Amino acid sequence: EVQLVESGGGLVQPGGSLRLSCAASGFTFDDYAIAWFRQSPGKEREGVSCISSLDGSTFYADSLKGRFTISYDNAKSTVYLQMNSLKAEDTAVYYCAAEWGNSQAIVRTGCRSGSLELWGQGTLVTVSS
């Protein structure tokens with residue numbers, strides 16, 4: 001079965017850090033993009049970051065670039081989202097999603113959610129003192 005499983009969420013104080021994981025299993029192709037999204041109550045789903053499995057090229061939302069870093073561990077088939085200097089406004093459910101094929105172009109155009117084929121169930125990040 002092809003699936004994505006997020007983990008690493010939890011409660012963190014403002015200014016702290018968390019690393020989220022998105023573990024992929026059952027993938028049979030080398031060319032895919034993995035994206036992170038987040039959603040808070042009353043807000044639209046927001047693209048955070050994404051990465052291509054072919055060359056490691058990345059995309060970041062302008063508002064988050066510099067605080068968040070995406071990476072891919074090929075051996076573990078896992079994509080990570082390192083989140084630093086967390087703020088209360090970062091509180092959200094974070095989802096990862098995947099699309100197969102043409103991943104470099106997908107990353108260049110920001111990994112738009114409408115084209116993504118597979119979604120995880122999400123992990124909750126709460127930033128509070």
Side-chain angles (χ1 to χ4, degrees):
E1 179 182 1
V2 179
Q3 61 180 348
L4 300 173
V5 179
E6 301 98 332
S7 63
L11 176 65
V12 63
Q13 294 184 344
S17 299
L18 283 175
R19 188 178 72 166
L20 305 183
S21 299
C22 176
S25 62
F27 284 30
T28 59
F29 301 100
D30 294 331
D31 181 9
Y32 54 90
I34 301 291
W36 285 99
F37 294 82
R38 67 184 185 182
Q39 188 166 25
S40 300
K43 293 185 177 181
E44 296 290 326
R45 185 167 57 200
E46 177 187 15
V48 174
S49 183
C50 59
I51 189 167
S52 166
S53 68
L54 289 183
D55 62 359
S57 56
T58 59
F59 166 84
Y60 295 94
D62 289 341
S63 62
L64 302 177
K65 190 173 184 178
R67 292 196 298 124
F68 289 14
T69 304
I70 192 170
S71 61
Y72 176 59
D73 187 330
N74 185 274
K76 296 182 178 180
S77 298
T78 299
V79 173
Y80 302 98
L81 183 68
Q82 179 68 45
M83 306 186 296
N84 298 324
S85 301
L86 285 164
K87 307 173 182 179
E89 64 195 69
D90 296 318
T91 296
V93 177
Y94 285 72
Y95 300 89
C96 63
E99 181 172 353
W100 288 265
N102 204 26
S103 65
Q104 292 165 299
I106 291 169
V107 170
R108 287 197 303 271
T109 57
C111 299
R112 296 177 64 85
S113 63
S115 65
L116 296 167
E117 302 172 45
L118 177 67
W119 290 78
Q121 295 183 348
T123 185
L124 176 63
V125 173
T126 302
V127 184
S128 176
S129 61

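Please read all numbers here as calculations on a predicted model, not as lab measurements.
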Task: Same cluster (ILVMFWY, side-chain, under 4.5 Å), Val79 and Tyr32 - done: yes
- [ ] May I have all residue pairs that pass disulfide bond (SG atoms under 2.5 Å apart) and include part of residues 32-89, sequence neighbours excluded?
- [x] Cys50-Cys111
- [ ] Supply the atom-to-atom distance Leu86 CG to Phe68 CZ, rounded to the nearest 0.5 angstrom.
- [x] 5.5 Å
Open item on the list: Working to the nearest 0.5 angstrom, can you tell me the gap between Ser77 OG and Leu4 CG?
Closed with: 11.0 Å
TODO: Output yes when a side-chain donor or acceptor of Tyr60 lies under 3.5 Å from a complementary backbone atom of Gly66, and no otherwise.
DONE: no
Task: Heavy-atom side-chain proximity of Leu20 to Tyr95 below 4.5 angstrom - done: no
Task: Shared hydrophobic cluster for Val125 and Val93 (ILVMFWY, side-chain gaps under 4.5 Å) - done: no
TODO: State which residues pass side chain to side chain contact (heavy atoms under 4.5 Å, CB included) with Val2; sequence neighbours excluded, sorted by chain then number.
DONE: Phe27, Trp100, Leu118
Expected list for residues 37-44: side-chain donor-acceptor pairs under 3.5 angstrom, two or more places apart:
| unit_1 | atom_1 | unit_2 | atom_2 | d |
| --- | --- | --- | --- | --- |
| Arg38 | NE | Glu46 | OE1 | 2.8 |
| Arg38 | NH1 | Asp90 | OD1 | 2.9 |
| Arg38 | NH1 | Tyr94 | OH | 2.9 |
| Arg38 | NH2 | Glu46 | OE1 | 3.3 |
| Gln39 | NE2 | Lys43 | O | 3.3 |
| Ser40 | OG | Thr91 | O | 2.6 |

Open item on the list: Within this structure, what is the CG-CD1 distance for the pair Asp31 and Ile106, rounded to the nearest 0.5 Å?
Closed with: 7.5 Å
Task: Minimum side-chain heavy-atom gap Tyr80-Thr69 below 4.5 Å - done: no
- [ ] Flag yes if Phe59 and Val48 sit in one hydrophobic cluster, no otherwise; membership is Ile, Leu, Val, Met, Phe, Trp, Tyr, and two members link when side-chain heavy atoms are under 4.5 Å apart.
- [x] no
Task: With Asp55 via side chain to side chain contact (heavy atoms under 4.5 Å, CB included) - residues at least two apart - done: Ser52, Ser57, Gln104
Open item on the list: Determine whether a donor-acceptor pair (N or O, by modelled atom type, separation under 3.5 Å) exists between the side chain of Ser53 and the backbone of Asp30.
Closed with: yes
Open item on the list: Grouping I, L, V, M, F, W and Y whenever their side-chain heavy atoms are under 4.5 Å apart, do Ile51 and Leu81 come out in a common cluster?
Closed with: yes
- [ ] Using the rule that two of Ile, Leu, Val, Met, Phe, Trp, Tyr join whenever any of their side-chain heavy atoms come within less than 4.5 Å, decide whether Trp36 and Leu116 are in one cluster.
- [x] no
Task: Atom pair CG/NZ of Leu64 and Lys87 - distance to nearest 0.5 Å - done: 9.0 Å
Task: Side-chain donor/acceptor of Asp73 to backbone N/O of Thr78, under 3.5 Å - done: no
Open item on the list: Show me the pairs that pass disulfide bond (SG atoms under 2.5 Å apart) and involve residues 53-91, at least two apart or across chains.
Closed with: none
Please report, to 0.1 Å, the donor-acceptor pairs under 3.5 Å made by any side chain of residues 5-18, with sequence neighbours excluded.
| unit_1 | atom_1 | unit_2 | atom_2 | d |
| --- | --- | --- | --- | --- |
| Glu6 | OE1 | Gln121 | N | 2.9 |
| Glu6 | OE1 | Gly122 | N | 2.9 |
| Glu6 | OE2 | Cys96 | N | 2.9 |
| Glu6 | OE2 | Gly122 | N | 3.2 |
| Ser17 | OG | Asn84 | OD1 | 2.9 |

